[in-house]
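Sequence lines set the chain letters: A, B, ... in the order given, protein chains first and strands last, and positions in each chain run from 1.
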Amino acid sequence: MMSASTMTLDRLRELLDAYGASPERWPPAERSAAAALLSESNAARGLRDEAARLDALLDLVPARQPSHQLIERALAGAPNDPRQARWRRVAIVAVPLAAAAAAVVVWLMPQRQPANTPETPQYAIEDLGVYTTPTDVLLDLPGFDLSASAPVVGCVDNGLGCPLTDTGEDRQSRLPDADRRDA
Amino acid sequence: MHDTDSDETLMLRVAQGDHAACRELVERHLGRILAFASRTIGDRAEAEDIAQEVFTRLWIHAKGWRPGPGRVTTWLHRIALNLCLDYRARMRQERLDAVPEPIDPRKDAVTLMQERDVQAHVAAALQALPDSQQAAVVLCHYQGFRNAEAAEVLGVSVEAVESLLARARRALRDRLRSVAPELLEGK
């Protein structure tokens, strides 16, 4: 450890020129000797005061605190929480397995379909029974007897709605006069 | 107790993917790194980008980090210093390429003082220093580094740091004396 006698004014000037007036910035090994010289010498204190004025000017340059946004930006590329990393490892295994299972199901679906083909779904049959086209509506007018409008000429099949003509006389009676003569 | 973990312990936790340790390191060092970059390059927005980049590199290299004689804060400042020096070199090149503004001969020192505050003059004087001198001042005066720590960041001897500091402070005093003599003379 240095004493005041080992610290010269020149060396103190060098310290002040380099590190400024604050003793905590001086090399620890020379602090006590410099402090001793300062306590004894007016010239030393003059040098220190001059250095302190430059320190005060330098301290005017501000240092703002980082914003919350900057903190989050700095953390953006940081490693994730280990719990999240574990879930990620699980996902790395589970997702391909799930995809493979889905692919197998899709692959099996067309092979099972022919077995179902002969069986017409019940709902489809029910739909056919109630289906009505626009022309059906026209033919089914209220008070209109479809069988009464069946053609007379050449209509011999009662099953088709022809009038019942059990006797040939009745059938001929409906023929035009010329046709009736030919008959 | 995580709150009192050393930087070195936090780095080991970061290497294991501990997000809480990452946040602790950011909260502990981001302010200092931002202040260092801001004073070194004199541009707040660019300083924020540099501070972010320092931590991006920390996350990348965390797995390969091993405890050693060097402190984490020294390592972070060295990364920040390199990024700042790159930026200053780019700015010097851009200034060389740009056409300089003509100096208004009617403006004397008093007028300049009226137009700008002392703080701006000091920041400008700091920016005008050569790279190594400026880095030495920012590390030792603002960041509170001891000369041996600054020497480690700068990659020079302790004696060289002292020489850089002395030349830097002399240059600052000469420059500021022309615009703020009353502040330096103590009158």
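At a heavy-atom separation below 4.5 angstrom, chain A is approached by B:Arg39, B:Arg44, B:Glu48, B:Asp49, B:Gln52, B:Phe55 within residues 39-55 of chain B.
Here the shortest heavy-atom pairing between A:Asp55 and B:His141 reads OD1-CE1, 3.7 Å. Closest approach of B:Val14 to A:Pro79, counting heavy atoms only: O-CG, 3.8 Å. Of all heavy-atom pairs spanning A:Ala51 and B:Arg169, the tightest one is O-NH2, 3.3 Å. Closest non-hydrogen pair, A:Ala18 versus B:Leu165, comes out as O-CB, 3.2 Å.
Contact of A:Ala56 with chain B is not made at all, since no heavy-atom distance falls under 4.5 Å. Proximity to chain B (any heavy atom under 4.5 Å) is shown, for A:Arg73, by both the backbone and the side chain. In this structure, chain A has heavy atoms under 4.5 Å from both the backbone and the side chain of B:Cys22. Heavy atoms of A:Asp49 lying under 4.5 Å from chain B are absent altogether. With a threshold of 4.5 angstrom between heavy atoms, B:Val122 approaches chain A through its backbone and through its side chain.
Here B:Leu34 is the residue among B:Val158, B:Leu25, B:Leu34 with the most heavy-atom pairs under 4.5 Å with chain A. Of the listed residues (A:Pro28, A:Ala52, A:Gly20), the greatest number of heavy-atom pairs within a distance under 4.5 Å of chain B belongs to A:Gly20. Note on B:Leu164, B:Leu30, B:Leu172: by heavy-atom pairs under 4.5 Å with chain A, the leading option is B:Leu30. In terms of heavy-atom pairs under 4.5 Å with chain B, the best-connected choice from A:Gly77, A:Ser22, A:Pro27 is A:Gly77. Listed options B:Ile33, B:Thr56, B:Asn147 were ranked by heavy-atom pairs under 4.5 angstrom with chain A; first place goes to B:Asn147.
Taking CG of B:Leu126 as the start and CG of A:Leu57 as the end, the distance is 11.5 Å to the nearest 0.5 Å. One finds the CG atom of A:Asp17 at 13.0 Å from the CZ atom of B:Arg167 (value rounded to the nearest 0.5 Å). Once rounded to the nearest 0.5 Å, the distance linking CG of A:Leu75 with NE2 of B:His19 reads 5.0 Å. Distance CG/A:Leu54 to CZ/B:Arg177: 9.5 Å, rounded to 0.5 Å. With rounding to the nearest 0.5 Å, the separation of CG in A:Leu58 from CG in B:Leu176 is 7.5 Å.
Scored by the ring pair (Phe, Tyr, Trp, His ring centres under 6.0 Å) test, B:His29 finds no partners at all (sequence neighbours excluded). Qualifying side-chain hydrogen bond (donor to acceptor under 3.5 Å, both in side chains) partners for B:Ser157, counting only residues two or more places apart in sequence or in other chains: none.
Listed for the B:Trp59 side chain is a donor-acceptor partner under 3.5 Å among the backbone atoms of A:Ala74.
Linking ILVMFWY residues whenever their side-chain heavy atoms come closer than 4.5 Å, directly or via other members, places B:Val156 and A:Tyr19 in the same cluster.
More than 12 heavy atoms of other shown residues, nucleotides or ligands fall within 6.0 angstrom of atom CZ in B:Arg78.
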Using atom types as modelled, flag every donor-acceptor pair under 3.5 Å from a side chain in residues 62-70 of chain A to any protein atom, sequence neighbours excluded.
unit_1	atom_1	unit_2	atom_2	d
A:Ser67	OG	A:Leu70	N	3.1

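Look at B:Arg23 and A:Glu72 and you find a salt bridge, because one of the NZ, NE, NH1 or NH2 atoms lies within 4.0 Å of a carboxylate O, short of that distance.
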